[in-house]
There are 2 protein chains.
Amino acid sequence: MNIKDVAARAGLPAKTIRYYEEIGLIRPLRAANGYRAFRESDLHKLAFLGRARSLGFTIEECRALMALYEDQSRASADVKALAQSHLAQIAAKIEELKAMQATLTDLVSACAGDHRPDCPILAGLASDRSSGKDCCA
Amino acid sequence: MNIKDVAARAGLPAKTIRYYEEIGLIRPLRAANGYRAFRESDLHKLAFLGRARSLGFTIEECRALMALYEDQSRASADVKALAQSHLAQIAAKIEELKAMQATLTDLVSACAGDHRPDCPILAGLASDRSSGKDCCA
DNA sequence: TATGAGGCTTCCCGTCACGGGAAGGTCAAG
DNA sequence: CTTGACCTTCCCGTGACGGGAAGCCTCATA
């Protein structure tokens with residue numbers, strides 16, 4: 001299988017696949033002409049990586065997940081710990097965004113949004129009322 | 001005022017302040033010895049920028065906000081539009097994260113997390129059941 | 001006056017996960 | 001034989017800075 005086929009089947013751009021090889025996440029064979037020759041197992045790994053990435057795991061977390069996946073003697077507790085740590089980060093990010101959302105929604109709702117220059121949004125940004133750095137970790 | 005003082009007062013790292021000058025967000029004066037000489041107005045702008053950044057506005061959005069802030073003939077509608085567009089992006093990001101959170105929570109709750117190698121999390125990542133790229137925009 | 005500690009400056013590389021695009025080799029069809 | 005679609009490597013760019021080196025400047029103290 002050449003790269004375009006795996007790309008289509010794994011749902012990943014060819015560039016991404018080359019990058020994953022470069023950083024050692026996959027090790028496809030090489031044909032005589034220098035083309036990458038992907039096995040089914042490579043495709044499988046790429047699909048695994050694509051799904052892990054789409055769940056927000058970083059590349060290094062994906063590397064750890066792959067290692068666990070290939071380690072027949074792994075403990076599921078290790079996987080669960082990794083996933084839970086990632087879940088905590090997702091939750092933290094959501095909270096951060098919600099705080100921004102709340103502050104900004106307040107400012108926006110106070111703004112007439114007409115042709116006049118008076119704007120509570122700019123005033124809020126300029127004078128630090130209930131906005132600003134205390135809202136975010 | 002030297003850079004360390006503004007940094008402390010604006011709540012921004014000195015590196016960030018130099019960066020903001022480099023990209024033209026602020027234009028502090030220079031003393032005879034080459035040091036940056038910040039006015040109160042520079043400090044004010046930096047505080048404005050810090051608050052806008054903490055609300056998740058990108059640098060370019062901050063640049064636009066600053067321009068509006070300094071434009072006495074602005075229409076508040078322009079500011080409101082910018083803020084609302086940003087709010088929409090925040091909301092989208094939150095939804096994306098929530099989708100990840102839901103999928104991953106399912107997988108985690110299905111995992112025993114003991115010393116055995118059986119792990120629904122890895123199985124889910126490997127076989128695309130209710131996870132994967134269809135969950136996210 | 002020397003010296004040492006702490007400012008300040010510029011400059012350059014590293015981050016993270018790729019994307020864009022150039023220059024050039026390869027393959028299958030007409 | 002040519003054309004066009006592949007494939008390869010290589011290098012630069014992203015966003016918003018952080019780290020650290022090399023080299024001035026300044027002030028206080030011995």
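Within every chain, numbering begins at 1; the chains are lettered A, B, ... in the order of the sequence lines, protein sequences first and strands thereafter. Hydrogens, waters and symmetry mates play no part in the numbers below; they use all other heavy atoms, side chains included. Keep in mind that what you see is a predicted model, and the values were worked out from it rather than measured.
Checking the phosphate oxygens (OP1, OP2) of D:dC7, no side-chain nitrogen or oxygen of A:Asn33 falls inside 4.0 Å. Here B:Thr16 reaches the OP1 or OP2 of D:dG18: one of its side-chain N or O atoms lies under 4.0 Å away. Phosphate contact (OP1/OP2 of C:dA17, side-chain N/O of A:Tyr20, threshold under 4.0 Å): absent. Phosphate contact (OP1/OP2 of D:dC6, side-chain N/O of A:Lys4, threshold under 4.0 Å): present. Between A:Arg36 and D:dC6, a side-chain N or O to OP1/OP2 separation shorter than 4.0 Å is absent. For A:Arg53 and C:dC18, the shortest distance from a side-chain N or O to OP1 or OP2 is below 4.0 Å.
Rounding to the nearest 0.5 Å gives a distance of 13.0 Å between OG1 of A:Thr16 and CD of A:Glu21. Note that the SG atom of A:Cys119 and the NZ atom of B:Lys80 stand 9.0 Å from one another [nearest 0.5 Å].
Residues B:Ile17 and B:Ile26 have side chains in contact (heavy-atom distance under 4.5 Å, counting atoms from C-beta outward).
The residue among A:Phe57 and B:Phe38 whose nearest nucleotide of DNA chain C lies closer to the 5′ end is B:Phe38.
One atom, OH of A:Tyr35, and another, C1' of D:dT9, lie 13 Å apart when rounded to the nearest Å. The interatomic distance linking B:Ile59 (CD1) with D:dC17 (C1') rounds to 9 Å, in whole Å. We find that CG of B:Leu49 is positioned 12 Å from P of D:dA16, with the value rounded to whole Å. For the pair A:Asp5 CG and D:dC6 C1', the computed distance is 10 Å after rounding to whole Å. Rounded to whole angstrom, the span from the NZ atom of B:Lys15 across to the P atom of C:dT15 amounts to 16 Å. Distance OH (A:Tyr19) to C1' (D:dC11): 16 Å, rounded to an integer number of Å. At whole-Å resolution of the value, CD in A:Glu22 and P in C:dA17 are 13 Å apart. One interatomic measurement links the two molecules: CD1 of B:Ile17 to P of C:dT9, which rounds to 10 Å at whole-angstrom precision.
Residue contacts for B:Arg18: at a heavy-atom cut-off of 4.0 Å it reaches a base atom on one of the strands shown. Looking at heavy-atom distances under 4.0 Å, B:Ile3 makes contact with sugar-phosphate atoms alone, never a base.
Comparing atom distances between the B:Arg30 side chain and each of D:dT8, C:dT10, D:dC7 picks out C:dT10 as nearest.
Distance alone, capped at 3.5 Å, is enough to place a donor-acceptor pair between the B:Arg63 side chain and the B:Ile23 backbone.
At a cut-off of 3.5 Å, with distance as the only test, a side-chain donor of A:Ser76 or B:Asp114 sits close to an acceptor on the other residue.
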